[in-house]
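Everything quoted here is computed from the prediction, not taken from an experiment.
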Number of protein chains: 2
Amino acid sequence: MSFTTSEENYIKGIFHLQQETGLVNTNSLAAEMQTRPASVTDMLKKLKSKKLLQYEKYKGFKLNEAGKKAALDVIRKHRLWEFFLVEKLKFDWDKVHPIAEELEHISSEELVQRLDNFLGNPSFDPHGDPIPDKNGKIPVIKQQSLSEIPFKKNVTVSSVGNQTAQMLDMLKHYNIAIGTQLTVLKKFEFDGSLEIKVSKQNACIISEQVAKNVFVHDVQ
Amino acid sequence: MSFTTSEENYIKGIFHLQQETGLVNTNSLAAEMQTRPASVTDMLKKLKSKKLLQYEKYKGFKLNEAGKKAALDVIRKHRLWEFFLVEKLKFDWDKVHPIAEELEHISSEELVQRLDNFLGNPSFDPHGDPIPDKNGKIPVIKQQSLSEIPFKKNVTVSSVGNQTAQMLDMLKHYNIAIGTQLTVLKKFEFDGSLEIKVSKQNACIISEQVAKNVFVHDVQ
DNA sequence: TTATATTTTTAGATTTATCTAAATTATATT
DNA sequence: AATATAATTTAGATAAATCTAAAAATATAA
């Protein structure tokens, strides 16, 4: 089964929301897709007729197994292309999202499989998000928010919660990227900000809000 | 200025035809694009309004300078992606065209420039066609049809005239690809076929029609 | 539990790219 | 030059993806 670019984008949007809320409703998907509720309803009918969606009028909706697999296929392509752009073409990791949004809709399955091999079958993209394999299986890694890590423990940055351009740009200024090693030195109870040491650089202070959005795992 | 996928495809089609005939007419473009003359007329109006086309009703048409530059931009992307698919992802050279037809419409200029650098700024794609640079300049190479080459002269295959799937598949069976070294041994006047030696293999015989579509240059 | 507010869907319009069929213009033939 | 033929354009229709405005269903609050 193949899908239009628009269908793929909606599938991705629904997948994203249903991971948090289970059932998704029309208005929140309209907000996610930056479109109108009426347009969402139109697409829901189309996706239901293609048997990708559990959907009863007025009752909310969610992807069924076929729909989830379709979403994971698009996510896989997106993250493989992001990896390619950063690792091979040397793009900054905070610049690749809009380009991957286009590349993810290229349809050749053989292309995806060969790209995956060419890149060395990576498990995580440059933002630390897991890359599903061709069966839709997602690698897992134990990760915690930086705000929950005990002092002096060495950890590696594995992903970022709020992947806005502002957040990514800010982390770049702190020299924090996926794979960066960190230690938490001190917490300022006044505002919850943390003093941290990034790699071999001088210590710096990040706000509680930033700390909550930086996820880390044990150094192996 | 940016273009829709459909606009880019028409621009490419017109460019292709006007290289042979100068002025292009509606029916031949309709045949090239596998569409209807009425659809061509619709698009001609659109391209004229975007100032890419010299076009008078009933009088034929051709791309102006802006239109030619737009065509060369798409051709550049197509050929760079073909090079990537063959050199990096190890696709057979006769399988990459349809995938490059999709990739050529990805819009980021920075992507194209970085891809070009990553590939080592190649001058020719895997079919031997020249890759325009970012200013639209096309590298040239002195090439002749294999049917015009004197006997015993060592030459290198540089491009293929009729790039149909059938032709590319046939050449693959003769072990002929871009870069292959050849010598013409004998011409059979009966039907114009040629006995040739391909690299270090046994001699074989190709038809006059094939010979006319294989272009070669001197071995450097 | 009735009235009010919110959410969702429907009905019908719009835009883009395509099509068919008919009309128009150009070209070829006698 | 008149007529037949071919090429091209126009007019109007269709399909996909979107929109606005109104109607219908559901949720909330007095």
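- Both distances falling under 3.5 Å, in either a Watson-Crick or a G-U wobble arrangement, place D:dA13 opposite C:dT18.
- Remark: A:Ser6 pairs with A:Thr4, A:Tyr10, A:Met43 by the side-chain contact (heavy atoms from CB on, under 4.5 Å) rule, at least two apart or across chains.
- One finds a salt bridge joining B:Lys69 and B:Asp73 here, because a Lys/Arg side-chain nitrogen approaches an Asp/Glu carboxylate oxygen to under 4.0 Å.
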For every nucleotide of nucleotides 1-13 of chain C, 5' to 3': is a protein heavy atom under 4.0 Å from its base (B), only from its sugar-phosphate (S), or from neither (-)? ------SBBB---
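- Among residues two or more places apart in sequence or in another chain, the side-chain contact (heavy atoms from CB on, under 4.5 Å) test is passed with A:Glu110 by A:Ser108, A:Arg114, B:Phe91.
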A:Phe84 vs A:Leu103, side chain to side chain contact (heavy atoms under 4.5 Å, CB included): CA-CA, chis, key distance, verdict: CA-CA 11 Å; A:Phe84 169 75; A:Leu103 287 164; 5.6 Å; no
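- Under 3.5 Å, the side chains of B:Glu208 and B:Ser147 contain no donor-acceptor pair of N or O atoms.
- Taking only side-chain nitrogens and oxygens, A:Arg36 comes nearer than 4.0 Å to OP1 or OP2 of D:dT20.
- Going from atom CG of B:Leu29 over to atom P of D:dA7 covers 15 Å, rounded to whole Å.
- The CZ atom of B:Phe3 sits 17 Å away from the C1' atom of C:dT16 (whole-angstrom rounding).
- Close to D:dT18, at under 4.0 Å from its OP1 or OP2, lies no side-chain N or O of A:Thr35.
- With rounding to whole Å, B:His105 atom NE2 is found 13 Å from C:dA17 atom P.
- Between A:Lys172 and A:Asp92, at least one side-chain N (NZ, or NE/NH1/NH2) sits under 4.0 Å from a carboxylate O, which counts as a salt bridge.
- Base-pair partner of D:dT26: C:dA5 (Watson-Crick or G-U wobble, both distances under 3.5 Å).
- B:Met43 places its CE atom 11 Å from the P atom of C:dT16, with the value rounded to the nearest Å.
- Residues of residues 4-18 of chain B having a heavy atom closer than 4.0 Å to DNA chain C, listed by number: B:Thr4, B:Ser6, B:Tyr10.
- Partners of B:Thr21 according to the side-chain contact (heavy atoms from CB on, under 4.5 Å) rule, which considers only residues two or more places apart in sequence or in another chain, are B:Val24.
- Ring geometry, B:His78 versus B:His97: the interplanar angle falls from 30° to 60°, so the pair is classed tilted.
- Under the side-chain contact (heavy atoms from CB on, under 4.5 Å) criterion, A:His127 pairs with A:Glu82, A:Trp93, A:Val96, A:Asp125, A:Asp129, A:Gln163, A:Leu168, not counting sequence neighbours.
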